[in-house]
Amino acid sequence: MKLTINEQEHEVSDENPDRVLLWVLRDELGLVGTRFSCGAGVCGACTVHVDGAATRACLLPISQLAGTRIRTVEGLASKGPAGEARLHPVQQAFLKVQVPQCGWCMSGQMMTAAALLERNPSPSPQQVVEAMGGNYCRCGTYCRIKKAVLEASKLLTQETEP
Ligand code: FES
Ligand code: FES
């Protein structure tokens, strides 16, 4: 079967359509930025976007993904006019605020944050807390995550201003 991931089509085996997206990304396609942690849909470390919505890849059978657009952390940056990588405002903000500690949860955090800002580019601090509440960070970087998401919102607003 074909999966559209980061705007590229990938042919993956449909021998076992019940296998979950996380292992197809990591083991078949080498997209190891999406992380495994609880494997039970609880922690958010495996968050990717499916048709723009933050979705947990550890519970998602690939049989449900035909015709969808999947985005992983590897597809968060865009390309500039000379082909250079342009970090997404969320990535820029996470760097600026120096959010990560061990870093394991970070791709999931950034994917949840990017999905939030796509549907609400100017969230309130409370809306950030609510949207990010399902993504756990065992290092306890929650204050910096909140600060970085609000910073990303500012960057995004600047980018879209005429
Ligand atoms: S690894 Fe998927 S939610 Fe924890
Ligand atoms: S930075 Fe270590 S789990 Fe979040």
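One-based numbering, in listed order, for ligands and for the atoms of each.
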Does a side-chain heavy-atom distance below 4.5 Å link Asn135 with Cys105? no
Per-atom filter on ligand 1: closer than 4.0 angstrom to a heavy atom of Cys38 are 1 (S), 3 (S), 4 (Fe)
Can you tell me if, anywhere in Cys105, an N/O/S atom lies at a distance from atom 4 (Fe) of ligand 2 that is smaller than 2.8 Å? yes
Residue Gly39 vicinity, atoms of ligand 1 by number, heavy atom under 4.0 Å: 1 (S), 4 (Fe)
Which atoms of ligand 1 are found less than 4.0 Å from any heavy atom of Val42? 3 (S)
Which atoms of ligand 1 sit under 4.0 Å from any heavy atom of Gly41? 3 (S)
Any side-chain donor paired with an acceptor under 3.5 Å for Gln126 and Ser124? no
Does Thr68 reach the main-chain N or O of Val50 with its side chain, forming a donor-acceptor pair under 3.5 Å? no
Indicate, as side chain, backbone, both or neither, the part of Gln109 found under 4.0 angstrom from ligand 2 when only non-hydrogen atoms are considered. neither
Would you mind checking which non-hydrogen protein atom is closest to atom 3 (S) of ligand 2, with the distance to 0.1 Å? Arg138 N, 3.3 Å
Atoms of ligand 1 less than 4.0 Å from Cys43 heavy atoms? 1 (S), 3 (S), 4 (Fe)
Is there a donor-acceptor contact under 3.5 Å from the side chain of Arg56 to the main chain of Cys46? no
Without swapping roles, check the side chain of Thr72 against the backbone of Glu74 for a donor-acceptor pair under 3.5 Å. yes
Measure from the side-chain N and O atoms of Trp104 to the backbone N and O of Phe36, and report whether any donor-acceptor pair falls under 3.5 Å. yes
Closer than 3.5 angstrom, by distance alone: can the side chain of Arg69 be matched with the main-chain N or O of Thr4 as a donor-acceptor pair? no
When you measure from atom 2 (Fe) of ligand 1 to the N, O or S atoms of Cys58, does any of those distances fall below 2.8 Å? yes
Would you say Cys46 reaches atom 2 (Fe) of ligand 1 with an N/O/S atom under 2.8 Å? yes
Do the side chain of Gln98 and the main chain of Leu95 share a donor and acceptor less than 3.5 angstrom apart? yes
Need the ligand 2 atom indices (1-based, order shown) with element for anything under 4.0 Å from a heavy-atom of Met106. 1 (S)
N, O or S of Cys137 under 2.8 Å from atom 4 (Fe) of ligand 2: yes
